[in-house]
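Let me begin by presenting the structure, written as structure tokens, before commenting on it.
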Amino acid sequence: MSRIQPTFSKLAEQKRKALITFITAGDPSPALTVPLMHALVAGGVDILELGVPFSDPMAEGPVIQRACERALKFNVSTRDVLGYVREFRKTNSHTPVVLMGYANPIERFGVDAFIAAAKEAGVDGTIVVDYPPEECEEFAQKMQANDMDPIFLLAPTSTEERIRQVAKVSSGFSYYVSLKGVTGAGHIDTVEVAERIAAIRKHVKLPIGVGFGIRDGATARAVGAAADAVVIGSRIISELENTPPNKACEAVQAFVADIRQALDA
């Protein structure tokens, strides 16, 4: 079992919602990745999503696209990302870490080799944006056999058939994309999100996290009323873009602490 299910179980007992955050590994610099991971946890984050830099991040808006470009200028690779997780685990053995990215780096690494390396590094799950749940049951089974969770995306346009397939192959939690678009685009309709989550829960028994469009405490709290977790990414990357590197950890920790406070209020 990964660390994800116990984390959600503990939060449910406390009647609290999970705060999940995303940063791109290697952005704004490789040396800051692990300190930022620790700063996020110190601010109250329950699950870390670590983006694997990719040249064509098609689900990402301009903010995370720029983060990928900055990381790739440092030649940050999948092996480097696994190294950051390994370093993080030296002093944090309890916070779940989920790698988020695209199929190409995994296929280039080799699926079996990637799964073995991810397990060894201390990864708890993956979100592979362009792995259709209908076509990767074998990948999902291999992940689960190695105590890691394959996590899949659901969208406002997901059919009932797609929702059932995600329920069949996923574990850990399901990630509901609240917007018809890329990350960081537009404003979230919390009423519509609540209605869609209710429909998804008819088939998906896992905790449901909601991301894309959550930018402040008020929105996080509104989404948290219907979901089990809120996911924030672009807003944190924006914070990093507008903060000097020597203040990055402090700024990110303060930002997520405000979101945590709003969720717990």
Side-chain angles (χ1 to χ4, degrees), residues 1-11 18 20-25 37 46-54 57-59 77-89 92-155 158 161-177 200 203-211 228-229 231 233:
M1 182 187 296
S2 81
R3 299 168 182 84
I4 294 173
Q5 189 207 325
T7 296
F8 275 107
S9 296
K10 181 178 178 181
L11 287 165
I20 304 174
T21 55
F22 171 95
I23 59 171
T24 299
M37 293 169 73
D46 300 295
I47 299 174
L48 296 169
E49 283 182 16
L50 194 57
V52 180
F54 186 53
M58 60 188 177
S77 68
T78 305
R79 291 189 188 280
D80 293 324
V81 178
L82 294 172
Y84 303 147
V85 179
R86 196 177 298 111
E87 183 68 24
F88 176 75
R89 285 282 173 242
N92 184 314
S93 61
H94 64 276
T95 302
V97 176
V98 175
L99 299 188
M100 185 169 186
Y102 294 83
N104 185 285
I106 292 175
E107 298 290 335
R108 184 173 180 182
F109 199 110
V111 170
D112 291 341
F114 169 78
I115 290 174
K119 180 179 182 178
E120 184 273 329
V123 171
D124 295 280
T126 58
I127 301 169
V128 187
V129 176
D130 49 351
Y131 263 175
E134 296 84 0
E135 297 177 17
C136 63
E137 289 189 19
E138 184 180 359
F139 173 78
Q141 290 166 0
K142 287 180 177 180
M143 286 283 292
Q144 291 162 346
N146 284 275
D147 301 317
M148 292 182 290
D149 293 313
I151 298 159
F152 292 93
L153 302 176
L154 289 167
S158 293
E161 183 179 4
R162 168 58 67 89
I163 294 170
R164 283 197 297 265
Q165 181 64 17
V166 165
K168 178 181 177 183
V169 300
S170 62
S171 57
F173 68 95
S174 289
Y175 189 140
Y176 178 65
V177 175
I200 290 167
H203 304 286
V204 176
K205 303 310 177 187
L206 297 171
I208 297 174
V210 175
D228 303 292
V231 187

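Hydrogens, waters and symmetry mates are skipped; everything else that's a heavy atom, side chains included, is used. Remember, it's a predicted structure, so these values are computed and weren't measured experimentally.
Counting heavy atoms from C-beta outward, Ile115 and Phe139 have side chains that approach closer than 4.5 Å. You'll find the side chain of Val166 stays beyond 4.5 Å of the side chain of Ile200, heavy atoms only. Within the 4.5 Å cutoff, no side-chain heavy atoms of Phe22 are placed close to those of Ile127. Side chains of Thr126 and Tyr131 form no contact here, defined as non-hydrogen atoms less than 4.5 Å apart. Using a 4.5 Å heavy-atom cutoff, the side chains of Asn92 and His94 are in contact. Looking only at side-chain heavy atoms (C-beta outward), Val97 and Met37 come within less than 4.5 Å of each other.
Listed here is the closest heavy atom pair of Ala25 and Pro53: O-CG, 3.3 Å. In terms of heavy atoms, Ile163 sits closest to His203 at CG2-CB, 3.8 Å. Across all non-hydrogen atoms, the minimal contact from Val169 to Pro150 is O-CG, 3.5 Å. Taking every heavy atom of both residues into account, Ser171 and Met148 meet most closely at OG-O, 4.4 Å. The two residues Val128 and Ala103 make their nearest non-hydrogen contact at CG1-N, 3.5 Å. Minimum interatomic distance between Asp124 and Ser2 (heavy atoms only, all atoms of both residues): O-CB, 3.4 Å.
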Show, in sequence, the C-alpha distance, side-chain angles and deciding distance for Thr78 and Ile106, and conclude whether the side-chain contact (heavy atoms from CB on, under 4.5 Å) test is met. CA-CA 8 Å; Thr78 305; Ile106 292 175; 6.0 Å; no
side-chain contact (heavy atoms from CB on, under 4.5 Å) between Val98 and Ile4, intermediate numbers included: CA-CA 9 Å; Val98 175; Ile4 294 173; 3.8 Å; yes
Determine, stepwise, if the pair Thr95 / Phe88 fulfils side-chain contact (heavy atoms from CB on, under 4.5 Å). CA-CA 10 Å; Thr95 302; Phe88 176 75; 4.2 Å; yes
Apply the test side-chain contact (heavy atoms from CB on, under 4.5 Å) to residues Leu99 and Leu82: give CA-CA distance (whole Å), side-chain angles for both, the deciding distance (0.1 Å), then the verdict. CA-CA 9 Å; Leu99 299 188; Leu82 294 172; 3.8 Å; yes
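With a 6.0 Å radius and a threshold of 12 heavy atoms from other residues, nucleotides or ligands, Arg79 has its CZ atom at or below the threshold.
Relative ring orientation between Tyr102 and Phe54 is described as parallel, the plane-to-plane angle staying below 30° on a 0-90° scale split at 30° and 60°.
With respect to the salt-bridge test (charged N to carboxylate O, under 4.0 angstrom), the residues Lys205 and Asp228 do not qualify.
Proximity of a side-chain donor or acceptor of Arg3 to a complementary backbone N or O of Ser93 within less than 3.5 Å is detected.
To the nearest 0.5 angstrom, Leu154 atom CG is 11.0 Å from Gln165 atom CD. Here the CZ atom belonging to Phe152 is positioned 11.5 Å from the NZ atom belonging to Lys168, to the nearest 0.5 angstrom. Taking CG of Asp46 as the start and CG of Leu11 as the end, the distance is 4.5 Å to the nearest 0.5 Å. Distance SG/Cys136 to NZ/Lys142: 12.0 Å, rounded to 0.5 Å. Rounded to the nearest 0.5 Å, atoms CG (Asp130) and CD (Glu107) are 9.0 Å apart.
With respect to Tyr175, the side chain to side chain contact (heavy atoms under 4.5 Å, CB included) criterion is satisfied by exactly one of Leu206, Val210, Leu153: Leu153.
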